[in-house]
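We're numbering straight along the sequence, starting at 1.
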Amino acid sequence: MHDFKELFLSKLPSPINRFAKQTIIFATWLNSTFQHLIGLYQTIDAFRDLNKASGKALDRIGDQFNQQRGSADDDFYRIMIRSKQATNIGITTVNGLINMIARSLDIEPDKIRIEPLRKCINGSLDDGEPLAIRISNIPLEWARSDFEQNYILDRIKNGVAAGVRVDEVSFVDNSNAVLAVRGLTSATVTYEINGEEVING
């Protein structure tokens, strides 16, 4: 915080005794008022910051992007708002989709993998479905409930180019080696990873 009291006293003209009791009392009151104003402006500034706003202040930011909160808490609501911001950019390339997911979750883009179901092996295409993709390595800590996972799935579905189908999305929990695989039309299948073995949960 700025020490407005000392600044104020140092700027007083010489005819005024800056060490007088009444002068110091006035400077102390002025400093207290000034610090209160600084705190107020800092609070207002925080309310405008997506990463700091909470409650109704965060709701107002969401309203600017036509993104309603629903049952989301503040942490996931920030993800919803960031994803709406990223989707509004409208870049539907692979890199655009990766950046949309990364920006939504506030993670590094290189952690997310997108791969086609039809692949080129030794110069020839296999029989995988064309225009279908699989997305993996989305951190599960940002999407633990069904509501949160379904929201991310819907946002991904709306973020891909027309005609492209998202076959599968996998959320990875790095804290205890759990892999949750979601299809856009299927329920969650959870696997516990134990060394090289994958056990259906």
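The aromatic ring centres of Phe8 and Phe34 sit 6.0 Å or more apart.
Gln22 is linked by a side-chain contact (heavy atoms from CB on, under 4.5 Å) to Ile25, counting only residues two or more places apart in sequence or in another chain. For Asp74, the side-chain contact (heavy atoms from CB on, under 4.5 Å) partners at least two apart in sequence or on another chain are Ser54, Leu58, Arg69, Arg78.
Closest approach of Lys84 and Phe65 over heavy atoms only: NZ-O, 3.0 Å. Here the closest non-hydrogen pair linking Leu117 and Arg165 is CD2-NH2, 4.5 Å. Nearest heavy-atom pair, Ile98 versus Pro109, reported as atom, atom and distance to 0.1 Å: CG2-O, 3.5 Å. For the pair Ile61 and Ala53, the tightest heavy-atom approach, listed with the atom from each and the gap, is CD1-CB, 3.8 Å.
Hydrophobic clustering of Ile, Leu, Val, Met, Phe, Trp and Tyr side chains at less than 4.5 Å, counting indirect connections, unites Leu30 with Ile16.
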Please test Ile152 against Val169 for side-chain contact (heavy atoms from CB on, under 4.5 Å), starting from the C-alpha separation and ending with a verdict.
CA-CA 10 Å; Ile152 291 178; Val169 176; 5.6 Å; no
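Within the model, atoms OG of Ser32 and NZ of Lys5 stand 11.0 Å from one another, a figure rounded to the nearest 0.5 Å. Put simply, NE2 on His36 and CG on Asn31 are 13.5 Å apart, with the number rounded to the nearest 0.5 Å. Taken to the nearest 0.5 Å, the CD1 atom of Ile101 stands 11.5 Å off from the CZ atom of Arg155. Atom CH2 in Trp29 sits 4.5 Å away from atom OG1 in Thr33 (nearest 0.5 Å).
Side-chain atoms of Thr28 come within 3.5 Å of backbone atoms of Ile24 as a donor-acceptor pair (strictly under, hydrogens ignored). At distances below 3.5 Å, at least one donor-acceptor pair connects side-chain atoms of Asp73 with backbone N or O atoms of Phe76. One N or O on the side chain of Tyr77 and one on the backbone of Gln67 form a donor-acceptor pair closer than 3.5 Å.
In this structure, Asn66 places its CG atom where only 12 or fewer heavy-atom neighbours from other residues, nucleotides or ligands lie under 6.0 Å away. Counting heavy atoms of neighbouring residues, nucleotides and ligands inside a 6.0 Å radius, atom CZ of Arg113 does not exceed 12 of them.
Using a 4.5 Å heavy-atom threshold, the side chains of Ile133 and Asp167 count as separate. Residues Leu50 and Ile81 meet the side-chain proximity criterion, which asks for heavy atoms closer than 4.5 Å.
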